[in-house]
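Okay, structure first, notes after.
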Amino acid sequence: MWVDVIVEDILATRPADRYVVNDAKSPSGPIHVGSLRGVVLHDCVARGLQARGRQAPFLYGFDDYDPMDSRPASVPAEFDRYLGMPLSEIPSPVGGGASYARYFGLGFAEVWTKIGAQPEIYWTSEMYKSGRFNDAIRIALDRADELIQIDREISGSQKAERHPIQPLCESCGRIGTTVVTGWDGTLVAYECRPDKVAWARGCGHHGRRSPLDGGSKLQYKAEWAAKWWILGVSVEGAGKDHMTKGGSHDVAAVMCERVFGCRTPVPIPYEWFLVGGRKMSTSKGVGVPAGELVEILRPELARFLMVRPHYRQQINFDPSGETVPTLYDEYDRAAAAYFGEVEAKTPAEADLLRDHSRTFYFSRADGEQAKAYRMRFAKVAYLMQMPSVTVEEVAAQEKGGPLTEADRVELRARMEDARRWLQSYAPDQYRFQVLSQLPAVDLTPAQREFLAHLGTIVAERDHWDGEALHERIHALKNEMRLPPKDAFGSIYLAFLGKASGPQAGWFLASLDRGFVLARLREVSGGVRA
RNA sequence: GGGCCGUUAGCUCAACUGGUAGAGCAGCGGACUCUUAAUCCGCUGGUUCAGGGUUCGAGUCCCUGACGGCCCCCCA
């Protein structure tokens, strides 16, 4: 399991009693589901370190002193006037006094809470305002040339200006449009340029101010390095956009070591996590909000989805098709390994089981996962669509005994997922619905006759057992020398409007007898012939 | 220009630090007095993208190449 590999590697290469695990995100809008991968990854590593007896706080930083550099489609157009201002200083798009950054950041935090992660949140705006960045800002100003040089050297970018400090404009409140023009050891001289960036317009103000206590922010690569130094971060992964060679992480790493004199945290470069299927209607066509994932899958499955594949592998989750049932099957396999329900026949198999077991362990959302009876997801989905079938009863039969409380909780979670899956994502093949009105079907005379006879059979008894009825259907089909396809097809067409369906005997037996008789009479009587 | 990932059965994917290539679905066959989604059993099916190399042994490690997906060189 990759988490164990990472944890063992950290313990071996950097022995310590305490590790600070950090992740961060700029809350510039609705936070994409991809950012959840970082949360889960860091949460797992922190858990793994803790399980090895180390202290391992997991910190999550919202970089809310970053300037707003674009306006998400869901945010009203009047917010364009805030472009360039720190996210912490912009009002929430839904009002209520909170900042723009808090609105989106806390919304994201709600999602990670659901999947069992509880990082300690910090806000860079507060760090700046409280002076925690002051030493780093002084260093960055004193050694600005060196930092700029590192940026150029490592990134290979010829881009002229990337001064490590951006003052907050005292006139317009923007922080993304300013450039430093001088530093006397106490005050920075700066200009708020109308043309510095394409996405915001500075007001043109020239001024001098203290860069400390919130008066400025570090440019983001320098800020990253400074945060490692200030917070003592020892482990921090990042998505591939940061981790490319000569990319922001490489630059920050050199800044961290050469300028701030601290060791670069253990890096963990991870791949993207995309959600296909229903794409959002944003202009770019991608960007499913994190919260949507936990509306498709319950917490353990959402985590499992991200824990199972290696972190260097891209995840492209498409909830349509058979993805969800398959994911559930794999989850069940992992659970079986974890609870010791399967025995390995070979050493290789034993290793595989251990791997599955660890995957399950790290997929737990909260606390110990109770051992419970796990009915196959596809079956749950199937049973739920059968009229007058109680899934709990079938589960108890299948289990061979009464369901425990844990069994019921597990089953209910599956039913929830199945309901949503059937409603929004399941292929038609998995979905059926008894039609309350006879659909317009095209049946041969033989099929009508078959259904008429079937009606007679059903009428024979007040109560039918599924198996018994199924036998009679086959017998009737044989007597009439009707091809199975025609016989069964006619039943499904009459009740479901499609050519196939659940096993006919059990299916009809589960329906209301009066309804079945009426429908058979109607369809065979040529009402719509 | 640079970087990451992928390519394994018809499909979707597994396979710990190299040690007999496996599942699910599909297909085929069978059991249950029953071809048509609730159960169970069996079977078929792979030159692991290609070509080199290391090794007693390579899906796995190294090199080269092909194809596919993505990222960076704006911002953060």
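Letters A, B, ... mirror the listed sequences (proteins, then strands); counts begin at 1.
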**Request:** List in chain and number order the residues that pass side chain to side chain donor-acceptor pair (under 3.5 Å) with Asp407(A), two or more places apart in sequence or in another chain; answer none if no residue qualifies.
**Result:** Lys399(A), Thr404(A)
**Assigned partner base of G27(B), Watson-Crick or wobble definition, under 3.5 Å** = C43(B)
**Request:** Check the side chains of Asp417(A) and Tyr328(A) for a donor-acceptor pair under 3.5 angstrom, ignoring hydrogens and angles.
**Result:** yes
**Message:** Can you identify which nucleotide, out of C13(B), U35(B), G3(B), has its nearest atom closest to the Lys245(A) side chain?
**Reply:** G3(B)
**Item:** Gap in Å between the two C1' atoms, one belonging to C70(B) and one to G24(B), rounded
**Value:** 28 Å
**Asked** So do the side chains of Pro319(A) and Trp421(A) get within less than 4.5 Å of each other, counting heavy atoms only?
**Response** no
**Request:** Would you indicate, yes or no, if A15(B) has its OP1 or OP2 atom less than 4.0 angstrom from a side-chain nitrogen or oxygen of Arg333(A)?
**Result:** no
**Request:** Report the distance from atom CG of Leu327(A) to atom CG of Leu301(A), rounding to the nearest 0.5 Å.
**Result:** 5.0 Å
**Prompt:** Would the number of heavy atoms belonging to other residues, nucleotides or ligands and lying under 6.0 Å from CD of Gln423(A) be above 12?
**Reply:** no
**Asked** Do Arg102(A)'s NZ or CZ and the ring of Trp123(A) fall within the cation-pi criteria of under 6.0 Å and 45°?
**Response** yes
**Prompt:** Does one side chain, of Glu89(A) or Tyr65(A), offer a donor that lies under 3.5 Å from an acceptor on the other?
**Reply:** no
**Message:** Categorize Gln397(A) for me: base, sugar-phosphate, or nothing, with a 4.0 angstrom heavy-atom threshold over every strand shown.
**Reply:** nothing
**Prompt:** Are the side chains of Tyr331(A) and Leu305(A) in touch, meaning some heavy atoms are under 4.5 Å apart?
**Reply:** no
**Asked** With both distances under 3.5 angstrom, what nucleotide forms a Watson-Crick or G-U wobble pair with A58(B)?
**Response** none
**Prompt:** So does Lys477(A) get a side-chain nitrogen or oxygen closer than 4.0 Å to the phosphate oxygens (OP1/OP2) of U35(B)?
**Reply:** yes
Atom pairs, protein N/O to nucleotides 4-9 of chain B N/O, distance under 3.5 Å:
| residue | atom | partner | partner atom | Å |
| --- | --- | --- | --- | --- |
| C4(B) | O3' | Arg312(A) | NH2 | 2.8 |
| C4(B) | O2 | Lys240(A) | NZ | 3.2 |

**Asked** Using atom P of each nucleotide, how far apart are A23(B) and A9(B) to the nearest Å?
**Response** 15 Å
**Asked** Atom CG of Asp241(A) and atom P of G69(B): how far apart are they, to the nearest Å?
**Response** 20 Å
**Message:** Return whichever of Glu223(A) or Glu330(A) has its heavy-atom-nearest nucleotide of RNA chain B closer to the 5' end.
**Reply:** Glu330(A)
**Asked** Which nucleotide, A76(B), C71(B), C34(B), lies nearest any side-chain atom of Thr244(A)?
**Response** C71(B)
**Request:** Take atom CG of Asp355(A) and atom C1' of G22(B), then tell me their distance rounded to the nearest Å.
**Result:** 14 Å
**Asked** For Arg408(A), does the CZ atom have more than 12 heavy-atom neighbours from other residues, nucleotides or ligands under 6.0 Å away?
**Response** yes
**Message:** Just the rounded figure in Å: distance from C1' of C75(B) to CG of Leu87(A).
**Reply:** 12 Å
**Request:** For nucleotides A50(B) and U8(B), find the distance between their C1' atoms and express it as a whole number of Å.
**Result:** 14 Å
**Request:** Look at Lys379(A) and U39(B) and indicate whether a side-chain polar atom (N or O) is within less than 4.0 Å of OP1 or OP2.
**Result:** yes
**Asked** Expressed in whole Å, how much space separates the C1' atoms belonging to A26(B) and U12(B)?
**Response** 11 Å
**Request:** Please work out if Phe507(A) contacts a base, only the sugar-phosphate, or nothing of the nucleic acid, heavy-atom cut-off 4.0 Å.
**Result:** nothing
**Message:** Output the rounded distance in Å from CZ (Arg354(A)) to C1' (A15(B)).
**Reply:** 13 Å
**Item:** Complementary nucleotide of G18(B), counting Watson-Crick and G-U pairs under 3.5 Å
**Value:** none
**Request:** Write down the distance separating the P atoms in G10(B) and G52(B), rounded off to the nearest Å.
**Result:** 24 Å
**Prompt:** In whole angstrom, what separates Asp332(A)'s CG from G24(B)'s C1'?
**Reply:** 12 Å
**Request:** Consider only side-chain N and O atoms of Glu223(A) and Tyr128(A), and report whether a donor and an acceptor are under 3.5 Å apart.
**Result:** yes
**Request:** Can you tell me the distance, in whole Å, between the CG atom of Leu305(A) and the P atom of C13(B)?
**Result:** 13 Å
**Item:** Distance between C1' atoms of C4(B) and G30(B) (Å, rounded)
**Value:** 49 Å
**Any His356(A) side-chain nitrogen or oxygen under 4.0 Å from OP1 or OP2 of A14(B)** = no
**Item:** Separation of the C1' atoms in C28(B) and A66(B), to the nearest angstrom
**Value:** 36 Å
**Request:** Please determine, for U33(B), whether a Watson-Crick or G-U wobble partner exists with both distances under 3.5 Å, and give it or none.
**Result:** none
**Spacing of Trp2(A) atom CH2 relative to U17(B) atom C1', expressed in whole Å** = 18 Å
**Asked** Relative to the 5' end of RNA chain B, which residue comes earlier, Arg308(A) or Thr326(A), by the nucleotide with the nearest heavy atom?
**Response** Arg308(A)
**Request:** Could you please name the partner base of G51(B), counting Watson-Crick and G-U wobble pairs only when both distances are under 3.5 Å?
**Result:** C63(B)
**Request:** For His242(A) and G3(B), give me the distance from atom NE2 to atom P, rounded to whole Å.
**Result:** 20 Å
**P atoms of G2(B) and C63(B), separation to the nearest Å** = 16 Å
**Request:** With the side chain of Asp69(A) defined as its heavy atoms from C-beta on, choose the nearest nucleotide among C25(B), C75(B), C34(B).
**Result:** C75(B)
